[in-house]
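We use all heavy atoms of the structure for the numbers below, so side chains are in, but hydrogens, waters and symmetry mates are not. Every chain is numbered from 1, with letters handed out A, B, ... down the list of sequences.
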There are 2 protein chains.
Amino acid sequence: MTYMTETPEYVDEHARFAFDVFAKACTSRTTLEHLTGRWGILAMAALWHGPLRFNALRRRVEGVSEKMLAQTLQALERDGFVHREAQPSIPPRVDYSLTPMGRQTAGKLVDLIEFVESQMPEVTAAQARHDQAKVRV
Amino acid sequence: MTYMTETPEYVDEHARFAFDVFAKACTSRTTLEHLTGRWGILAMAALWHGPLRFNALRRRVEGVSEKMLAQTLQALERDGFVHREAQPSIPPRVDYSLTPMGRQTAGKLVDLIEFVESQMPEVTAAQARHDQAKVRV
DNA sequence: AGATTGCACATACTTTTTGAAAGTGCAAGC
DNA sequence: GCTTGCACTTTCAAAAAGTATGTGCAATCT
């Protein structure tokens with residue numbers, strides 16, 4: 001008997017095109033990680049409502065360290081989602097905003113976030129059921 | 001019955017019973033991370049097209065280790081996005097599929113992925129511009 | 001027939017990433 | 001005149017992720 005009855009594996013119709021996040025070394029995976037990573041998605045969503053200065057963004061995205069916020073914004077800027085505008089004043093003033101592409105992307109991210117938040121009661125219920133079933137040994 | 005694991009005093013009246021990913025201790029942030037984390041989003045997107053066995057999923061999501069895939073699927077299962085069905089055969093056969101809530105969520109994730117892939121030419125151009133401006137000797 | 005491969009994980013150990021803390025240089029407010 | 005805020009960078013400890021190996025059995029290869 002073969003190991004057979006193998007569930008037919010899906011073949012991505014877009015695989016023949018240049019970018020595929022399922023491919024290990026594809027640059028699109030890196031960009032996706034910048035956008036959906038722990039801090040990237042929150043920074044993008046925060047900027048969705050309008051430009052913010054570095055420390056304002058830091059206060060909005062609770063829990064992010066200065067180091068990680070700087071790193072995250074640098075990656076998003078390089079990818080063309082975020083625009084950085086620094087005024088050479090003292091103290092420094094740096095405004096972060098979304099580019100047109102960034103705004104489109106952030107819209108989808110905000111939509112995702114709001115959907116997830118709306119599903120949280122069901123998620124919480126599922127977690128409770130899961131933990132009940134496990135602990136009941 | 002509080003939805004948030006901790007309800008600090010600075011939570012305002014309107015947000016008290018809502019989930020907010022910007023809040024450090026909100027459970028919705030953890031769930032969002034399960035979904036949009038490095039492997040979570042790829043696993044969800046892979047399952048969007050139909051059920052897959054553990055090792056098939058592992059082959060589809062290039063680069064994921066067994067440890068991380070198992071960990072990721074366990075979190076997604078606990079959150080109620082993924083359904084795990086194990087057959088007590090030898091060798092073992094375990095099918096992973098999306099729950100109704102998981103399917104809705106995966107739809108949004110797939111949409112996001114496809115959008116990001118479609119924007120990659122612009123991203124690549126932005127990166128080139130950025131690097132040019134910086135490395136300009 | 002004995003060795004190898006595949007299955008779905010778990011566990012010990014190593015490497016990478018992240019986070020926390022302090023440094024920078026200056027100016028406005030207490 | 002001393003603290004605070006600005007937008008970061010750098011250093012070092014902690015956490016997360018990645019690597020390698022173990023498990024038990026059956027089907028396939030040599």
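- Judged purely by atom type and a 3.5 angstrom limit, B:Thr99 uses its side chain to pair as donor or acceptor with the backbone of B:Phe81.
- Rounded to an integer number of Å, the gap from CZ of B:Arg93 to P of C:dA8 is 8 Å.
- Using modelled atom types, one side-chain atom of A:Thr36 and one backbone atom of B:Thr36 make a donor-acceptor pair closer than 3.5 Å.
- Checked by atom type and distance alone, the side chain of A:Arg53 never pairs as donor or acceptor with a backbone atom of A:Asp95 at under 3.5 Å.
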Between A:Gln87 and A:Val94, is a side chain to side chain contact (heavy atoms under 4.5 Å, CB included) present by the stated rule, with each step listed? CA-CA 6 Å; A:Gln87 283 165 30; A:Val94 182; over 6 Å; no
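- Rounded to an integer number of Å, the gap from CE of B:Met68 to C1' of D:dT19 is 13 Å.
- What separates CD of B:Gln71 from C1' of C:dA10 is a distance of 12 Å, to the nearest Å.
- Remark: side-chain polar atoms of B:Arg29 are paired, donor with acceptor, to backbone N or O of B:Phe22 under 3.5 angstrom.
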When every nucleotide of nucleotides 22-27 of chain C is labelled 5' to 3' by its protein contacts under 4.0 Å (heavy atoms), B for base, S for sugar-phosphate only, - for none, what sequence of letters results? B---SS
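- One atom, NZ of A:Lys24, and another, C1' of D:dT19, lie 12 Å apart when rounded to the nearest Å.
- Listed for the A:Arg38 side chain is no donor-acceptor partner under 3.5 Å among the backbone atoms of B:Gly37.
- Counting only distance, with no hydrogens or angles, the side chain of A:Arg103 and the backbone of A:Leu98 share a donor-acceptor pair below 3.5 Å.
- In plain terms, the two heavy atoms of A:Val61 and A:Trp39 that are nearest each other are CG1-CE3, 3.7 Å.
- Listed by residue number, the members of residues 33-40 of chain B with any heavy atom below 4.0 angstrom from DNA chain C form an empty set.
- Considering all non-hydrogen atoms of both residues, A:Glu62 and B:Lys24 come closest at OE1-N, 3.1 Å.
- Each of A:Leu32, A:Thr27, A:Thr30, A:Thr31 was checked for a side chain to side chain contact (heavy atoms under 4.5 Å, CB included) with A:Val21, and the lone residue meeting it is A:Leu32.
- Spacing between atom NZ of A:Lys67 and atom P of C:dA20 amounts to 10 Å, rounded to whole angstrom units.
- Near-neighbour residues of DNA chain C inside residues 41-61 of chain A, defined by a heavy atom below 4.0 Å, are absent.
- One can place CG of B:Asp95 at 8 Å from P of C:dA8, the figure rounded to the nearest angstrom.
- Proximity of A:Gln74 to the phosphate of D:dT9: a side-chain N or O atom is located under 4.0 Å from OP1 or OP2.
- For the pair A:Glu117 and B:Asp20, the tightest heavy-atom approach, listed with the atom from each and the gap, is OE2-CA, 3.3 Å.
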